[in-house]
Trainee: 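This is the structure I have questions about; it appears just below.
Quick caveat, the model's predicted, so the values are computed rather than measured. For the single chain, residues carry numbers from 1 onward in sequence order.
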Amino acid sequence: MSETRLKIRIIGDKVLRRTAKQVKDVLPEHREILSNMAKLMYESSGIGLAAPQVGISESMIVVDAGTGLYKLINPKIVKRQGSQAIEEGCLSVPGVSIKVKRSKKILISALDENAQPLCIEADDLLSCVFQHEIDHLKGKLIVDYASFLDKFKIKKKLKKLEKGKDGGLRQPKEKPGELQL
Ligand code: ZN
């Protein structure tokens, strides 16, 4: 199998706004994509990555928020509890961070890379990362949560990113500690 080099898609790319397809049969290709996604996530110092962010409109995510690597297929939130708001960044919206209000605790059902069903309970940061990645599968981005003031602050930056004039890719100037999802 050829080693496919994945590339992170930047806001303005239509694939980021598409709803990802459910994976019907988990094939070796899916396992390969998931492991390449994990590699790219670590290389980019991210803690989560969804398939649409690498141009693949299929329901797959990888997450490692410091408690181990999850590779999930068709993840779905089946239960929510409480709320929290964390400042989030996104590898597809470099240089922008938005405080997003999300559920504090969630229960997820998904398939693992061997098509085995599993349930994951997550809270705090891990819960936030899962919700961010599952948003990507619905074509939703952090900018959709922007307040009026946020919108004003990020307007120029977004225009540049959407026109591909911002060098697009990684931003070395990222504030340390900012969550890249
Ligand atoms: Zn993201």
Trainee: With side-chain contact (heavy atoms from CB on, under 4.5 Å) as the test, would you mind laying out the steps for L179 and V129 before giving the verdict?
Mentor: CA-CA 9 Å; L179 301 176; V129 182; 5.8 Å; no

Trainee: Ignoring hydrogens, what is the shortest heavy-atom contact between E58 and P52? Give both atom names and the distance.
Mentor: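 Of all heavy-atom pairs spanning E58 and P52, the closest is O-CD, 4.2 Å.
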
Trainee: Could you state the interatomic distance from CZ (F130) to CD1 (I61), rounded to the nearest 0.5 Å?
Mentor: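 Reported value, rounded in 0.5 Å steps: 5.5 Å.
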
Trainee: Distance alone, cut at 3.5 Å: any donor-acceptor contact between the side chains of S92 and Q53?
Mentor: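 There is such a pair (donor and acceptor under 3.5 Å, judged by atom type) between the side chains of S92 and Q53.
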
Trainee: Got a second to check how far K14's NZ is from L16's CG, nearest 0.5 Å?
Mentor: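 That separation rounds to 11.5 Å.
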
Trainee: Which heavy atom in L137 sits nearest to a heavy atom in S59, and how many Å separate them?
Mentor: CD1-OG, 3.4 Å

Trainee: To the nearest 0.5 Å, what is the distance between CD1 (I77) and OG (S103)?
Mentor: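 Rounded to the nearest 0.5 Å, the CD1-OG separation comes out at 6.5 Å.
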
Trainee: Quick test of your reading of the model: are D135 and R102 salt-bridged, counting only N-O distances below 4.0 Å?
Mentor: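 Answer for the salt bridge query: yes.
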
Trainee: For the pair E43 and R5, find out whether any cationic side-chain nitrogen is under 4.0 Å from an anionic carboxylate oxygen.
Mentor: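 Here E43 pairs with R5 in a salt bridge, since their nearest N and O are under 4.0 Å apart.
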
Trainee: Can you list the steps and then say if Q81 with I106 is a side-chain contact (heavy atoms from CB on, under 4.5 Å)?
Mentor: CA-CA 6 Å; Q81 207 180 9; I106 55 169; over 6 Å; no

Trainee: Find the distance between CG (L6) and CG (L49) and round it off to the nearest 0.5 Å.
Mentor: 8.5 Å

Trainee: Might you point out which heavy atoms bring V54 and R9 nearest each other, and give the distance in Å?
Mentor: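 Of all heavy-atom pairs spanning V54 and R9, the closest is C-CG, 4.0 Å.
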
Trainee: Same cluster or not: I33 versus L27, using hydrophobic residues (I, L, V, M, F, W, Y) connected whenever any side-chain heavy atoms lie under 4.5 Å apart?
Mentor: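 Per the 4.5 Å side-chain linkage, I33 and L27 are not co-clustered.
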
Trainee: Are L107 and I73 grouped together when hydrophobic residues (ILVMFWY) are joined by side-chain heavy atoms under 4.5 angstrom apart?
Mentor: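 No, L107 and I73 fall in different hydrophobic clusters.
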
Trainee: What distance do E121 atom CD and K105 atom NZ have between them, rounded to the nearest 0.5 Å?
Mentor: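 If we round to the nearest 0.5 Å, E121:CD and K105:NZ are 4.5 Å apart.
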
Trainee: In this structure, would I108 and V78 fall into the same cluster of hydrophobic residues linked by side-chain contacts under 4.5 Å?
Mentor: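 No, no single cluster joins them.
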
Trainee: Determine the sole option in I10, L181, L158 for which the side-chain contact (heavy atoms from CB on, under 4.5 Å) test with V93 is passed.
Mentor: L158

Trainee: Give the C-alpha distance, both sets of side-chain angles, the deciding distance and a yes or no for side-chain contact (heavy atoms from CB on, under 4.5 Å) between V63 and E133.
Mentor: CA-CA 8 Å; V63 166; E133 302 315 329; 3.9 Å; yes

Trainee: Could you measure the distance from the CD atom of Q131 to the CD atom of Q84? Nearest 0.5 Å is fine.
Mentor: 6.5 Å

Trainee: So if I apply the side-chain contact (heavy atoms from CB on, under 4.5 Å) rule between V26 and each of N114, N74, L111, which one comes out positive?
Mentor: L111

